[in-house]
Engineer: 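Quick one: the structure is below, and I'll ask about it shortly.
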Amino acid sequence: MAELQLRDIRKSFGAFDVIKGVSMDIRAGEFMVFVGPSGCGKSTLLRLIAGLEEISSGTLAFDGEVVNHLVPSKRGIAMVFQSYALYPHMTVFENMAFGMQLAGKDKEQCRKRVEAAAEMLQLTPYLERLPRQLSGGQRQRVAIGRAIVRDPKVFLFDEPLSNLDAALRVATRIEIARLHRSMHKTTMIYVTHDQVEAMTLADRICVLRDGRVEQIGTPLELYENPNSVFVAGFIGSPKMNFLSGPFAALYEAETIGIRAEHLEIAEDGQWAGTVIHSEMLGSDSYIYLDIGAGEPVIVRENGTSRHQPGETVRILPEAGQIHSFDAAGRSIGRHIMRGAA
Amino acid sequence: MTDLTVADARAALAHPSHINSDLKAQRVRSAWVFLAPTLMVLALVAGWPLVRTIYFSFTDASLTNLGGAEFVGFQNYLSWITLKSGRTIYKGLLADPAWWNAVWNTLKFTVISVSIETALGLVVALVLNAHFPGRGLVRAAILIPWAIPTIVSAKMWAWMLNDQFGILNEIFVGLGLISQKIAWTASPDTAMVAVLIVDVWKTTPFMALLILAGLQMVPIDIYEAAKIDGVHPIRVFWRVTLPLIRPALMVAVIFRMLDALRIFDLIYVLTPNNAQTKTMSVLARENLFDFDKFAYGAAASTMLFLIIASITVLYMWFGRVNFEGGER
Ligand SMILES: Nc1ncnc2c1ncn2[C@@H]1O[C@H](COP(=O)(O)OP(=O)(O)OP(=O)(O)O)[C@@H](O)[C@H]1O
Ligand SMILES: [Mg+2]
């Protein structure tokens with residue numbers, strides 16, 4: 001069990017500021033996900049927590065105790081790297097046992113822990129293999145196993161799934177979710193730029209943008225009440241539709257946003273548009289409409305769409321699902337009424 | 001990679017098909033086309049002299065009469081006559097104490113110099129692999145001893161080691177380390193030491209650079225994983241770094257070893273005519289050109305070739321060097 005307090009953490013590489021004052025509390029046993037676009041500083045923040053990079057200013061505390069100057073091995077953390085970072089010349093067993101053998105644990109106890117972790121991750125048949133004799137997914141599991149064996153208070157993941165193919169990514173994601181349930185006392189911090197991973201795994205998500213925290217909240221909070229255009233656009237798939245100019249002026253906002261699932265095609269719809277493209281995914285379809293705004297508006301329909309490109313249809317936003325934002329991109333609330341009169 | 005190609009080849013052998021064999025024939029052909037120029041040049045500049053040397057070692061050739069050389073069998077290597085008194089007298093290279101002295105000198109020089117250079121090279125490479133300001137400059141600077149031609153550095157050191165005017169004697173006497181000036185290059189006790197000092201000075205940078213190349217292949221995140229595992233840096237070196245750079249290290253050691261086994265120029269300039277430092281190459285040259293025992297020198301050269309070749313094969317076998325990296 002460990003809770004983390006980050007207070008105005010900053011990090012610069014030379015003259016280049018990467019983390020520009022991050023404060024947050026991560027609760028004990030929580031699954032916290034850092035998301036954000038490439039280069040926003042997610043990995044750097046994680047590495048600061050791990051102790052692999054030195055914090056330029058601010059304090060980092062584990063359970064109230066400042067750890068800024070503790071070396072990584074003294075922080076009670078374990079980390080799973082994007083590139084796995086396995087020792088290529090050691091077997092799976094040795095990879096998992098290497099750190100522990102040194103901690104002065106006796107051989108028998110060490111073997112038991114490795115075997116338990118291997119069992120949990122279905123790695124038992126591969127214990128004597130070298131990393132290069134394993135598939136990508138198996139290697140990733142070894143990396144996770146090596147972290148589990150350390151019995152950490154805080155578990156750090158840096159994009160652990162990004163080198164896996166789509167099917168394996170889903171399977172491993174489920175495995176990580178299961179891992180979190182079985183290690184419910186362990187705080188987990190997970191970095192990804194994939195918002196689906198963030199939504200499915202997180203207890204809470206922290207959206208980072210350019211070295212700053214944009215918003216922290218549960219997946220649903222971020223989905224339902226994004227506090228900026230940036231978060232609204234980042235969370236949810238497909239991306240939220242944004243309208244500005246005369247469309248937004250009606251709602252006394254600079255920009256309004258409506259998700260594809262909150263638009264329906266209806267005779268009495270508020271806006272008219274031409275179908276320019278449709279994507280059928282089987283369970284539902286996405287229809288791209290040109291309503292005279294800059295970008296096409298995406299509308300979700302259940303099942304298979306009957307609308308053909310070139311057709312003109314009208315769309316209606318669902319009540320209370322129009323997000324409005326001011327000129328600075330900050331949220332100014334949601335509209336309760338169904339469309340504007 | 002290798003596994004794949006071997007498997008491919010097996011599959012191709014097991015299921016011969018025209019397409020496959022055509023493709024294979026074509027690849028074999030282009031391989032030969034690309035190799036041919038290199039093989040030709042090698043045959044001309046290495047193969048032919050080697051064959052000639054081996055041939056001369058079985059003749060009674062002399063420098064003045066190469067054309068009229070006659071075949072004498074193994075006489076240059078070993079021959080014996082039994083006297084009436086029943087005593088057998090052995091002659092030839094293998095019975096020549098000067099030769100065995102040269103072999104011993106060469107091996108001693110090789111083992112000591114390569115060991116010191118490997119250890120020092122490793123230390124230098126580890127330092128150069130760390131991040132510090134001015135690293136590029138230091139990397140370039142450290143190569144200077146290697147870039148100076150051996151003859152020049154040998155002359156330079158000969159002056160520094162000079163018994164009367166050398167700066168080393170000056171410094172050592174001044175510091176009170178030695179009571180009287182030492183004739184470093186001439187004295188039998190110190191000649192080999194002098195040669196070793198100069199060789200280590202000259203070739204450690206080369207070793208360091210080869211090892212550095214190996215070090216840079218080790219991914220950084222492995223070190224980070226070890227940091228999180230809390231492994232002591234010294235242990236990381238023995239258990240992680242060293243095993244991972246072993247292939248590079250082995251190659252570097254082979255390079256240096258081959259070089260050291262045929263050492264000639266440094267000794268020829270620094271300690272000429274000193275029995276303590278006379279190596280196989282020096283002895284061979286002496287016989288070939290100074291003593292007019294051309295065939296005998298050719299025999300020594302041939303033996304030198306055989307010794308180097310067999311040491312290399314043994315080393316590669318025991319060291320399990322796999323030039324594609326990793327274990328065999
Ligand atoms: N060691 C370093 N020296 C200088 N700049 C660095 C260093 N490490 C990271 N940066 C810079 O810091 C910024 C944030 O990097 P970081 O790796 O944290 O991004 P990220 O959010 O993890 O991105 P990605 O999703 O692509 O992994 C980048 O602009 C990067 O160039
Ligand atoms: Mg990253």
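Order of the sequence lines sets the chain letters (A, B, ...), proteins ahead of strands, with each chain counted from 1.
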Engineer: Check whether any side-chain N or O of A/Asn163 sits under 3.5 Å from a backbone N or O of A/Gln82 as a donor-acceptor pair, and report yes or no.
Structural biologist: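 Yes, the answer is positive, given that a donor and an acceptor are paired below the 3.5 Å cut-off.
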Engineer: Let's test your reading of the structure: which of A/Pro152, A/Ala143, A/Ala147, A/Ala85 forms the most heavy-atom pairs below 4.5 Å with chain B?
Structural biologist: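 Option with the greatest count: A/Ala85.
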Engineer: Side chain from CB out, backbone as N, CA, C, O: work out which of these in A/Ala78 comes under 4.5 Å of a heavy atom of chain B, or both, or neither.
Structural biologist: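 Just its backbone gets close to chain B.
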Engineer: Calculate, to the nearest 0.5 Å, the distance between atoms CG and CZ belonging to A/Leu60 and A/Arg75 respectively.
Structural biologist: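 So the gap between those two atoms works out to 6.0 Å.
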Engineer: Mark yes or no: A/Lys11 above the aromatic ring of A/Phe13, with NZ or CZ under 6.0 Å from the six-membered ring centre and no more than 45 degrees from the axis.
Structural biologist: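 Because its charged atom sits under 6.0 Å from the ring centre and within 45° of the axis, A/Lys11 does stack over A/Phe13.
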Engineer: Under 4.5 Å heavy-atom distance to chain A, tell me which part of B/Leu244 shows up: side chain, backbone, both or neither.
Structural biologist: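 It is the side chain, since no backbone atom gets that close.
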Engineer: Treating B/Arg256 as the side-chain partner and B/Thr118 as the backbone partner, does any N or O pair qualify as donor plus acceptor under 3.5 Å?
Structural biologist: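 The answer is no, because no donor-acceptor pair under 3.5 Å joins these two groups.
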